[in-house]
Amino acid sequence: MANTYTQIHIHLIFAVKYRKSLIHSSWKERLHQYFTGMIQNNNHKMLQINSMPDHIHMLIGLRPDQALSALVQNIKSETSKWINENNFCEGKFRWQDGFGAFSYAKSQLPTVIRYIINQEEHHRKKTFLAEYKAFLKAFEVDWEEQYIFEDLK
């Protein structure tokens with residue numbers, strides 16, 4: 001797109017289906033590399049990625065020529081397929097429906113990057129669900145409890 005100039009930084013957060021702890025340390029770096037490749041293949045920039053056993057955080061530089069929802073649908077679908085083809089989990093791996101996407105100014109990126117890098121430290125004190133709700137509140141996103149990432153019932 002000629003004469004289009006943007007600077008769009010998005011922090012993506014999404015969970016494993018039912019918030020199950022399925023992302024294992026033995027393959028999580030390979031998962032991060034796979035996500036990074038997909039982001040780059042879609043002409044976006046991966047600025048930071050990290051995951052916990054039940055969810056993932058990514059900070060990306062988003063190009064304006066692809067809808068965010070289409071990108072997320074694609075990367076979730078393709079990574080689920082990749083995880084299942086490589087038999088990293090018993091049973092079928094799936095991501096939870098939906099995602100969180102939060103925008104940041106360039107000046108805020110170092111703080112967000114540190115936050116994503118230090119996920120293990122954050123989750124010694126706070127659950128994923130508490131963390132996610134804190135993001136929704138901080139960004140003043142209207143939300144309903146019934147639509148937050150569901151637990152296995």
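As the structure is a computational prediction, the values presented were derived from the model and not from experiment. Count residues from 1 along the sequence.
At distances below 3.5 Å, not a single donor-acceptor pair connects side-chain atoms of D54 with backbone N or O atoms of K20. Distance alone, capped at 3.5 Å, is enough to place a donor-acceptor pair between the N50 side chain and the I116 backbone. The backbone N or O of A70 lies less than 3.5 Å from no partner atom in the side chain of N74, so there is not a single donor-acceptor pair. Of the possible polar contacts, none joining the E85 side chain to the W82 backbone as a donor-acceptor pair under 3.5 Å is found. At least one donor-acceptor pair closer than 3.5 Å links the side chain of T79 to the backbone N or O of K76.
For H55, the side chain to side chain donor-acceptor pair (under 3.5 Å) partners at least two apart in sequence or on another chain are H57, Q119, H123, E131. For the side chain to side chain donor-acceptor pair (under 3.5 Å) test, residues two or more places apart in sequence or in another chain that qualify with Q66 are N42, H44.
Contact check on E120 versus K28 returns a salt bridge, with a Lys/Arg side-chain nitrogen under 4.0 Å from an Asp/Glu carboxylate oxygen.
Atom CG of residue L59 and atom CZ of residue F102 lie 12.5 Å apart, to the nearest 0.5 angstrom.
Looking only at side-chain heavy atoms (C-beta outward), R94 and Y18 come within less than 4.5 Å of each other. Annotation: side chain of L129 is in contact with side chain of R19 (closest heavy-atom distance under 4.5 Å). V112 has its side chain out of reach of Q48: every pair of non-hydrogen atoms, C-beta onward, lies at least 4.5 Å apart. Contact of the L71 side chain with the I39 side chain is registered, since non-hydrogen atoms from C-beta on lie closer than 4.5 Å. Looking at heavy atoms from C-beta onward, Y104 lies in side-chain contact with L109 at the 4.5 angstrom threshold. Contact of the M58 side chain with the F35 side chain is registered, since non-hydrogen atoms from C-beta on lie closer than 4.5 Å. Using a 4.5 Å cut-off on side-chain heavy atoms (C-beta onward), E145 and K133 make contact. The side-chain heavy atoms of F99 and L68, taken from C-beta on, include a pair separated by under 4.5 Å.
Residue N84 comes nearest to G91 through the heavy atom pair OD1-O, 4.0 Å, listed as atom of the first residue, atom of the second, then distance. In terms of heavy atoms, F139 sits closest to S103 at CE2-O, 3.6 Å. For the residue pair W95 and A15, the shortest heavy atom distance occurs at CE3-O, 3.4 Å. L22 and W27 get closest at one heavy-atom pair: O-CZ2, 3.0 Å.
The distance between the ring centers of H24 and F88 does not fall below 6.0 angstrom. Here Y132 and F14 keep their ring centres 6.0 angstrom or further from each other.
Aromatic ring orientation, H11 versus F135: perpendicular (interplanar angle above 60°, classes split at 30° and 60°).
Hydrophobic clustering (ILVMFWY, side-chain heavy atoms < 4.5 Å, transitive): M38 and L62 are in one cluster.
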